[in-house]
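Computed from a predicted structure; not experimentally measured.
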Amino acid sequence: MNRTLTDLAVEVLSTADGRLKTARSHAAAKAWRDSRAAGAPLEIGDTPPPDRPARPDRPELLAPREMPKRRPGSEHGRIALIHAVAHIELNAVDLHWDAVARFAATPLPLGYFDDWVQAADEESKHFNLLCDRLEALGSHYGALPAHEGMWRAAEDTAADLMARLAVVPMVLEARGLDVTPGMIEIFRKAGDTDTVAALEVIYAEEVHHVSYGSKWFHFLCGRHDLDPAPLFRDLVRRHFHGGLKPPFNEEKRAEAGIPPDFYWPLAEETARREG
């Protein structure tokens with residue numbers, strides 16, 4: 001019996017080891033692309049995803065306030081920074097496969113699945129690029145503690161696709177567009193050209209992932225005759241538990257389809273709340 005796309009997604013989500021998870025992610029993405037190219041796409045299916053993805057025993061997961069401070073001027077600090085980004089990328093693999101499986105019953109064009117399978121495939125590559133850098137520097141994924149709150153956005157938006165698109169790609173991944181140029185500069189100043197090269201690949205491809213979120217958010221707004229900007233702000237207020245703070249990479253955000261009137265009012269609210 002042929003496996004469905006949701007079968008493949010749940011297999012990835014149910015795999016704990018990071019390297020094995022990403023290998024299965026690559027294989028699932030290839031199976032989907034090959035079936036699309038052959039004109040006989042896999043059935044989407046209805047296999048339900050787990051509430052939480054499988055995770056390895058390490059890294060130790062800590063609350064955000066318990067995370068040790070990084071000092072990127074030192075080699076240890078730079079290793080910690082790579083480790084933190086690797087953890088984000090592994091969570092992104094699961095977030096994108098979860099977006100495939102959890103919302104499979106929503107009537108959506110096959111292009112929705114094309115985009116999130118592609119994003120999951122690229123996040124898998126990103127995780128492995130960063131693991132390779134950690135190992136080249138004498139460390140490995142799991143050697144340091146990591147942020148336990150990464151999956152909260154998925155849990156908080158599990159029942160609402162528009163909220164998921166608003167919070168995960170259009171807030172969390174868009175934040176990556178804001179901070180990655182500064183990270184690249186840290187490693188460039190340290191002479192670590194291999195990590196610079198890895199982060200430049202990640203930076204270029206993350207623009208696409210944010211754009212997928214914006215595209216499908218606007219698609220659903222059009223379907224339901226909703227005004228995108230105020231709805232985005234309302235969903236973020238209800239489902240995102242952190243504040244939005246500048247600086248924003250307005251150029252890359254605009255390239256990804258998120259204009260300033262989506263996020264600046266939220267940043268101003270954050271400033272008033274914290275001021």
Side-chain angles (χ1 to χ4, degrees), residues 11-30 52-97 119-154 172-173 175-209 249:
E11 180 180 56
V12 175
L13 290 162
S14 302
T15 301
D17 178 77
R19 292 282 198 178
L20 182 56
K21 182 187 289 286
T22 53
R24 288 179 172 165
S25 176
H26 285 317
K30 183 178 187 303
R52 294 181 70 84
R55 280 280 178 265
D57 292 337
R58 312 290 294 179
E60 178 188 7
L61 299 180
L62 301 178
R65 65 184 177 277
E66 295 171 348
M67 286 293 293
K69 299 296 182 190
R70 295 189 294 264
R71 293 180 175 78
S74 67
E75 183 178 24
H76 178 75
R78 290 191 294 276
I79 287 171
L81 184 54
I82 297 170
H83 192 280
V85 180
H87 184 65
I88 290 168
E89 299 297 329
L90 190 63
N91 274 270
V93 174
D94 285 325
L95 285 165
H96 298 327
W97 283 115
D121 197 27
E122 290 173 348
E123 304 288 17
S124 302
K125 175 177 68 178
H126 301 169
F127 174 75
N128 286 308
L129 284 171
L130 294 167
C131 284
D132 291 346
R133 291 305 307 137
L134 288 170
E135 288 162 18
L137 294 167
S139 188
H140 62 274
Y141 178 67
L144 299 170
H147 193 312
E148 73 171 355
M150 293 292 298
W151 194 249
R152 183 173 182 182
L172 296 179
E173 292 196 278
R175 192 63 185 158
L177 302 182
D178 303 334
V179 302
T180 304
M183 287 195 289
I184 290 171
E185 194 54 34
I186 286 168
F187 289 97
R188 183 173 282 124
K189 283 181 178 174
D192 185 346
T193 56
D194 290 333
T195 301
V196 168
L199 289 172
E200 285 178 339
V201 168
I202 292 168
Y203 183 47
E205 292 179 348
E206 291 295 345
V207 176
H208 305 153
H209 305 168
N249 188 337

Candidate list Val12, Asn128, Thr15, Asp17, test side chain to side chain contact (heavy atoms under 4.5 Å, CB included), partner Thr22, passing option: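 So the option named by the test is Asn128.
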Enter the distance from [X]:[atom1] to [Y]:[atom2] here, rounded to the nearest 0.5 Å.
X      : Y      : atom1 : atom2 : value
Asp192 : Ile184 : CG    : CD1   : 12.0 Å
Glu89  : Asp94  : CD    : CG    : 12.0 Å
Thr195 : Arg133 : OG1   : CZ    : 3.5 Å
Ser139 : Arg78  : OG    : CZ    : 13.5 Å
Ile88  : Leu95  : CD1   : CG    : 11.0 Å
His209 : Ile202 : NE2   : CD1   : 10.0 Å

For [X] and [Y], which heavy atoms make the closest approach, and how far apart are they?
X      : Y      : answer
Asn91  : Trp151 : OD1-N, 4.2 Å
Leu62  : Pro68  : CD1-CD, 4.3 Å
Leu177 : Asn249 : O-ND2, 2.9 Å
Ala143 : His83  : N-NE2, 3.6 Å
Asp178 : Pro181 : O-CD, 3.8 Å
Ala16  : Pro56  : O-CD, 3.0 Å

Trace of the side chain to side chain contact (heavy atoms under 4.5 Å, CB included) decision for His76 with Leu144: CA-CA 11 Å; His76 178 75; Leu144 299 170; 4.1 Å; yes
Backbone N/O of His147 and side chain of His87: donor-acceptor pair under 3.5 Å: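 Yes, the answer is positive, given that a donor and an acceptor are paired below the 3.5 Å cut-off.
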Backbone of Lys21 reached by a side-chain donor or acceptor of Ser25 within 3.5 Å: no
Residues in ring pair (Phe, Tyr, Trp, His ring centres under 6.0 Å) contact with Phe127, at least two apart in sequence or another chain: Tyr141
From CA spacing to verdict: side chain to side chain donor-acceptor pair (under 3.5 Å), Glu122, His208: CA-CA 10 Å; Glu122 290 173 348; His208 305 153; 4.6 Å; no
Cationic N near anionic O, under 4.0 Å, Glu200 to Arg188: yes
Pairs satisfying salt bridge (Lys or Arg N to Asp or Glu O under 4.0 Å), at least one member in residues 135-145, at least two apart: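 Found Arg19-Glu135.
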Pair Arg55-Leu90, side chain to side chain contact (heavy atoms under 4.5 Å, CB included): steps then yes or no: CA-CA 10 Å; Arg55 280 280 178 265; Leu90 190 63; 4.3 Å; yes
Side chain to side chain contact (heavy atoms under 4.5 Å, CB included) between Glu60 and Glu148, intermediate numbers included: CA-CA 8 Å; Glu60 178 188 7; Glu148 73 171 355; over 6 Å; no
Set of residues satisfying side-chain contact (heavy atoms from CB on, under 4.5 Å) with respect to Asp121, sequence neighbours excluded: His26, Ala29, Arg33
